[in-house]
2 protein chains.
Amino acid sequence: MAKKVVQEGERRRRRRTKQGLVLSHDLIIETALRLLREHGAQGLTARRLGLALGADPSTVYRYFDGMDDLILALADELMGRAVSGWSTTGDWRRDLRELGLRIHATYLAHPQAAVLTAARVSGRSQEIAADEAILGLLRGAGFPDPSAVRIYHAFIDQALAFAALDAATLTLPEPALRADRTIWRATYARLPERTHPNITAVADLLAGQMNSSAFPVALDLLLASAAADLASAAPGGRAGGGG
Amino acid sequence: MAKKVVQEGERRRRRRTKQGLVLSHDLIIETALRLLREHGAQGLTARRLGLALGADPSTVYRYFDGMDDLILALADELMGRAVSGWSTTGDWRRDLRELGLRIHATYLAHPQAAVLTAARVSGRSQEIAADEAILGLLRGAGFPDPSAVRIYHAFIDQALAFAALDAATLTLPEPALRADRTIWRATYARLPERTHPNITAVADLLAGQMNSSAFPVALDLLLASAAADLASAAPGGRAGGGG
DNA sequence: CACATAACGTCAACCCTGTTGGCATAAGCT
DNA sequence: AGCTTATGCCAACAGGGTTGACGTTATGTG
């Protein structure tokens with residue numbers, strides 16, 4: 001029902017003089033992003049958004065078809081920011097690593113959007129632009145199309161999956177239940193060595209590592225594997241980019 | 001507040017004759033798993049759980065400290081099922097692949113638990129048992145401890161992250177917004193070739209692949225990378241398992 | 001200018017969620 | 001018996017998303 005609003009209401013600048021503020025898609029998106037940034041994943045609710053806008057919560061529904069539609073629009077805005085200012089260095093592996101870290105970091109700050117972005121086809125411009133860039137890097141590096149698509153799929157979903165997971169970890173309400181170094185040590189160092197020889201042997205390494213995200217490690221492993229594939233397929237070096 | 005219940009109430013078998021049914025931790029867990037299995041991620045709520053138990057929703061709070069505590073117990077039960085009946089074949093890479101697929105599939109059927117499992121340290125037995133098994137495989141294969149921990153971390157979090165992501169994809173309410181092959185074709189095949197040359201070039205491959213989970217691909221890439229690391233560190237073959 | 005119409009904002013309500021405190025009863029212990 | 005603990009239910013609270021009715025404002029048209 002808000003679709004006509006999207007098409008025609010965009011260029012008209014109306015002024016609410018007595019009833020309240022002037023709302024717009026951009027203002028709502030901006031405010032929603034601010035809420036996510038300042039209060040985390042749980043900070044964005046219909047009611048809080050209305051409050052932050054100085055408007056009634058239901059007003060948002062004049063501009064978006066429910067919260068899912070808003071979050072989808074949010075996701076596209078985020079993807080645009082994740083890849084904005086990006087340019088290739090000529091090294092596909094380095095570029096992909098940078099791109100992956102950017103996407104992960106961006107969606108980490110705004111978690112709910114990651115799931116929706118990976119789960120749905122929004123058909124929005126920024127997401128498609130990112131897809132095009134990633135595929136271009138892989139195909140330009142010389143990957144044959146099936147491999148490029150395969151790696152692209154794993155790459156983008158891995159970035160989004162870890163972003164969603166890491167965000168969920170960070171936004172847990174009770175820090176007592178969160179995995180911090182102390183708890184890890186207390187839990188794993190006390191295991192009997194006979195029943196858990198491997199854990200006790202590496203308990204210190206575990207304690208030092210399990211708090212940080214595993215995403216960079218997984219990303220590097222993925223890229224290393226891809227590079228090995230490429231090297232074995234075309235040992236001479238990089239093949240010329242197609243069409 | 002329910003902790004004493006956990007300790008002492010376990011062995012006593014009481015019978016509620018007039019007020020209602022006999023509840024127990026096991027019965028609640030079983031019912032919760034059934035709800036997740038039958039109605040998906042959104043099927044498990046405090047109120048639905050009470051309804052399925054034939055009891056008041058608040059009764060559950062006599063046995064668990066809130067829904068988070070219940071889900072944590074659920075996660076441990078799931079991890080136990082994921083690795084139950086598993087035994088090594090002597091091939092660490094094959095074993096890890098099997099284990100990863102099992103964990104992913106199990107948590108895929110019961111999604112919320114994946115996030116909590118990865119995010120928190122429950123210190124529960126089944127999770128620790130799985131950790132011990134994975135670390136044992138890696139260290140037994142000859143990985144030095146830092147590498148073993150690094151790969152273990154990426155391995156387990158990747159399985160859980162993809163499970164959470166894939167589950168979120170599957171449980172989306174509106175199929176119209178879900179990514180099925182038709183929508184992918186319609187969205188990506190119509191892009192202008194000039195602005196999106198790479199996407200249009202591989203549109204068919206994309207359409208055939210983006211519906212399935214990227215987890216098996218990502219898992220294989222991770223394992224291949226680990227195997228390459230191991231081979232380059234100890235070229236002669238497998239090193240003997242450390243103490 | 002006046003009028004009709006669409007856009008926009010608010011209010012109150014509905015149904016869902018997790019959670020808590022008070023109260024009643026059954027079970028176990030002394 | 002009595003006393004304590006363990007349950008279970010009921011009603012309520014705070015907070016989610018969403019909707020429909022209603023009034024006001026802005027725009028388009030004569």
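Because the structure is predicted, anything quoted here is derived from the model rather than measured. Order of the sequence lines fixes the chain letters, A, B, ..., with proteins taken first and strands second; residue numbering starts at 1 for each chain.
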In whole Å, what is the span from the CZ atom of A:Phe64 to the P atom of D:dT18? 13 Å

Starting at CZ of A:Arg62 and ending at P of D:dT18, how long is that distance when rounded to a whole Å? 15 Å

B:Glu30: what forms a salt bridge (Lys or Arg N to Asp or Glu O under 4.0 Å) with it, not counting sequence neighbours? none

Indicate every side-chain donor-acceptor pair of residues 214-222 of chain B with a distance under 3.5 Å to a residue at least two apart or in another chain.
residue, atom, partner, partner atom, Å
B:Asp220, OD1, B:Arg97, NH1, 2.4
B:Asp220, OD2, B:Arg97, NH1, 2.8

May I ask you to test the A:Leu206-B:Tyr152 pair for a side-chain heavy-atom distance under 4.5 Å? yes

Spell out protein contact along nucleotides 11-20 of chain C as letters: B when the base is contacted, S when just the sugar-phosphate is, - when no protein heavy atom is under 4.0 Å; keep the 5' to 3' order. B-B---BBBB

Distance in angstrom units between A:His25 NE2 and C:dA7 P, rounded: 12 Å

Nearest whole Å is fine: how far is D:dG17 P from A:Tyr63 OH? 19 Å

Nearest whole Å is fine: how far is C:dC8 C1' from A:Leu53 CG? 14 Å

Give me each pair satisfying salt bridge (Lys or Arg N to Asp or Glu O under 4.0 Å) with a member in residues 37-54 of chain B, each pair once, sequence neighbours excluded. B:Arg34-B:Glu38

Measure from CD1 on A:Ile71 to C1' on D:dG16 and round the result to the nearest Å. 12 Å

May I have the distance from A:Leu49 (atom CG) to D:dG16 (atom C1'), rounded to whole angstrom? 13 Å

According to salt bridge (Lys or Arg N to Asp or Glu O under 4.0 Å), who are the partners of B:Glu132, at least two apart in sequence or on a separate chain? none

C:dC8 P sits how many Å from A:Ile28 CD1, rounded? 10 Å

With sequence neighbours excluded, what pairs up with B:Ala46 under the side-chain contact (heavy atoms from CB on, under 4.5 Å) test? B:Tyr61, B:Met67

